[in-house]
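A quick write-up on the structure given underneath.
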Amino acid sequence: MRSSKVLAGALLALAPAAHAQSPQATGNGGGIRWQKTVPVIASGAWAGAKLADGQPDISGFYSNTISNHSNFTDPQAGPPGEPSDVANLPRDQRAPSRVTDPADGQIPYLPTARALQEDFAKNFPEPNKPRYIEPLARCAPAGVPKSYMWHGFEVRQFPNYVVFLFDSGSRIIPLDNRPHLPGAIKLWNGDSRGHWEGNVLVVDVQNQNGKALFGRYGDFISENGRVTERYIFDPKGGGFNYVATFTDPTVYSRPWTATIPVKRYTEADKPDGWHYDVKPANRPGKPLLHERVERVCVENNGPFGGGAVGVPSDQPVIAR
């Protein structure tokens, strides 16, 4: 087991940044959906359309359905020091913890790692050291699994590849059985290798740099960790359940599993600037082409209520 000094590297290496805030809302306000359940999607054969290389056709636009990344184990409670309007509701009236194993909904940290996470959460509201700044505040890649809890994202497919396009970076997942990168190469989103099992995309993630956090309470995995992801797709095209098992004997007392429900968005849905943040392109005589706006991350580079926060993606950033 690593010493606490080495373990701290998972959080101490964060770059300085401005404090980031997120939309808070009651009901469906603020662009965040407050669903409280995870749909049941069983693993099995793929019954939908396939691509020429045999992959299930899952290209499209997606977003999670039970709130953003403020709080990993209590998704609708809000970030440290800034509870949401629904935080006072009984726990069973809010979305369940994303931790589905163990049954208590808590990440099974080793004591030293738990102390690091709690220290981050305590200091997040008024950070006085760089290590208390969330990396996403400086537009660093959100990492695994936070990318699936932020804005909507797009999935594209190519022969032997699945590509995820996030607002905070991208993931390219080869499907051709190539070996992982050398262990010395560490990446914000890790190094992914995947394959299909019926309606399930199975991905092995290694080579993480240990800097990305799961949310604003400082939950984390170190550079020694490994994630096995299972994207269980609804063959009817409704979305998928992201089910990931995290193994890191230097941070956790045992492997644990998270589940994030994800909805698929189509032209039948209205773009909303958050989950389905696309712009319609008018093509006379043809269906609307919904295209994501390719933009430099400006999400949290200014104070809340000014700077880049709240600026439409197709208009200039407010001068400050």
Side-chain angles (χ1 to χ4, degrees), residues 19-41 62-109 114 117-118 120-125 134-137 142-153 166-168 212-220 238-244 246 256-265 269-270 272-277 299-300 304-305 309-310:
H19 173 53
Q21 300 189 40
S22 62
Q24 297 299 308
T26 301
N28 288 332
I32 304 296
R33 293 189 181 275
W34 298 107
Q35 294 186 0
K36 296 183 296 184
T37 59
V38 177
V40 176
I41 305 177
Y62 297 85
S63 181
N64 98 94
T65 62
I66 59 169
S67 183
N68 70 359
H69 64 105
S70 290
N71 190 325
F72 193 75
T73 58
D74 194 354
Q76 297 172 354
E82 193 181 327
S84 71
D85 292 341
V86 299
N88 293 324
L89 293 176
R91 186 65 186 86
D92 61 0
Q93 295 183 26
R94 306 196 298 274
S97 172
R98 294 183 174 101
V99 178
T100 49
D101 177 43
D104 65 2
Q106 300 301 308
I107 297 174
Y109 284 112
R114 173 63 78 183
Q117 178 268 316
E118 291 177 342
F120 182 93
K122 177 182 177 182
N123 288 280
F124 175 86
E134 182 192 29
L136 193 57
V144 177
K146 188 196 291 186
S147 296
Y148 302 101
M149 299 181 290
W150 192 220
H151 284 276
F153 55 91
F166 303 109
D167 270 19
S168 58
L213 303 180
F214 299 169
R216 291 175 174 172
Y217 277 77
D219 293 304
F220 72 103
F240 65 88
N241 283 339
Y242 173 87
V243 182
F246 297 78
W256 60 278
T257 300
T259 300
I260 300 172
V262 178
K263 168 182 165 59
R264 184 175 189 174
Y265 285 78
D269 297 291
K270 182 179 179 181
D272 60 7
W274 191 277
H275 302 284
Y276 190 30
D277 52 346
E299 196 69 48
N300 298 305
F304 187 71
V309 178

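When all heavy atoms of F220 and A212 are compared, the pair lying nearest together is CB-O, 4.5 Å. Of all non-hydrogen atoms in P75 and I66, the two that sit nearest each other are CB-O, 3.2 Å. Summarising the geometry of S168 relative to A142, their closest heavy-atom pair is OG-CB, 3.2 Å, with the distance given to 0.1 Å. Shown here for K263 and T65, the closest heavy-atom pair between the two residues is CB-CG2, 3.6 Å. Taking each heavy atom of Y109 and G218 in turn, the nearest pair found is OH-O, 4.4 Å. The shortest non-hydrogen separation linking K146 to G215 is CE-N, 3.8 Å.
Rounding to the nearest 0.5 angstrom, the gap separating the OG atom in S63 from the CG atom in D269 is 11.0 Å. Remark: N68 CG to H151 NE2 distance equals 9.0 Å, nearest 0.5 Å. Residue H69 holds its NE2 atom at 10.5 Å from OG of S147, rounded to the nearest 0.5 Å. A distance of 13.5 Å separates CG in N71 from CZ in F214, rounded to the nearest 0.5 Å. To the nearest 0.5 angstrom, I107 atom CD1 is 7.0 Å from Q117 atom CD. To the nearest 0.5 angstrom, S70 atom OG is 7.5 Å from W150 atom CH2.
For Y148, the ring-ring contact (aromatic ring centres under 6.0 Å, His included) partners are F153, F164, F166, Y231, Y242, not counting sequence neighbours.
Remark: the backbone N or O of P39 is paired with a side-chain donor or acceptor of N241 at under 3.5 angstrom. Between the side chain of R216 and the backbone N or O of P125, no donor-acceptor pair lies under 3.5 Å. The main-chain N or O of Y217 is never found under 3.5 Å from a side-chain atom of E134 such that the two would form a donor-acceptor pair. Proximity of a side-chain donor or acceptor of D104 to a complementary backbone N or O of Q106 within less than 3.5 Å is detected. When atom types are taken as modelled, the side chain of Q76 and the backbone of R94 share no donor-acceptor pair closer than 3.5 angstrom.
Screening I260, T257, D74 for a side chain to side chain contact (heavy atoms under 4.5 Å, CB included) involving R98 leaves a single residue, I260.
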message: One pair to check against side-chain contact (heavy atoms from CB on, under 4.5 Å): D277 and D167. What are the steps and the verdict?
response: CA-CA 10 Å; D277 52 346; D167 270 19; 3.8 Å; yes
query: Stepwise, does the side-chain contact (heavy atoms from CB on, under 4.5 Å) test hold for Y276 with Y62?
result: CA-CA 7 Å; Y276 190 30; Y62 297 85; over 6 Å; no
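Between F120 and P80, the closest side-chain pair of non-hydrogen atoms is not below 4.5 Å.
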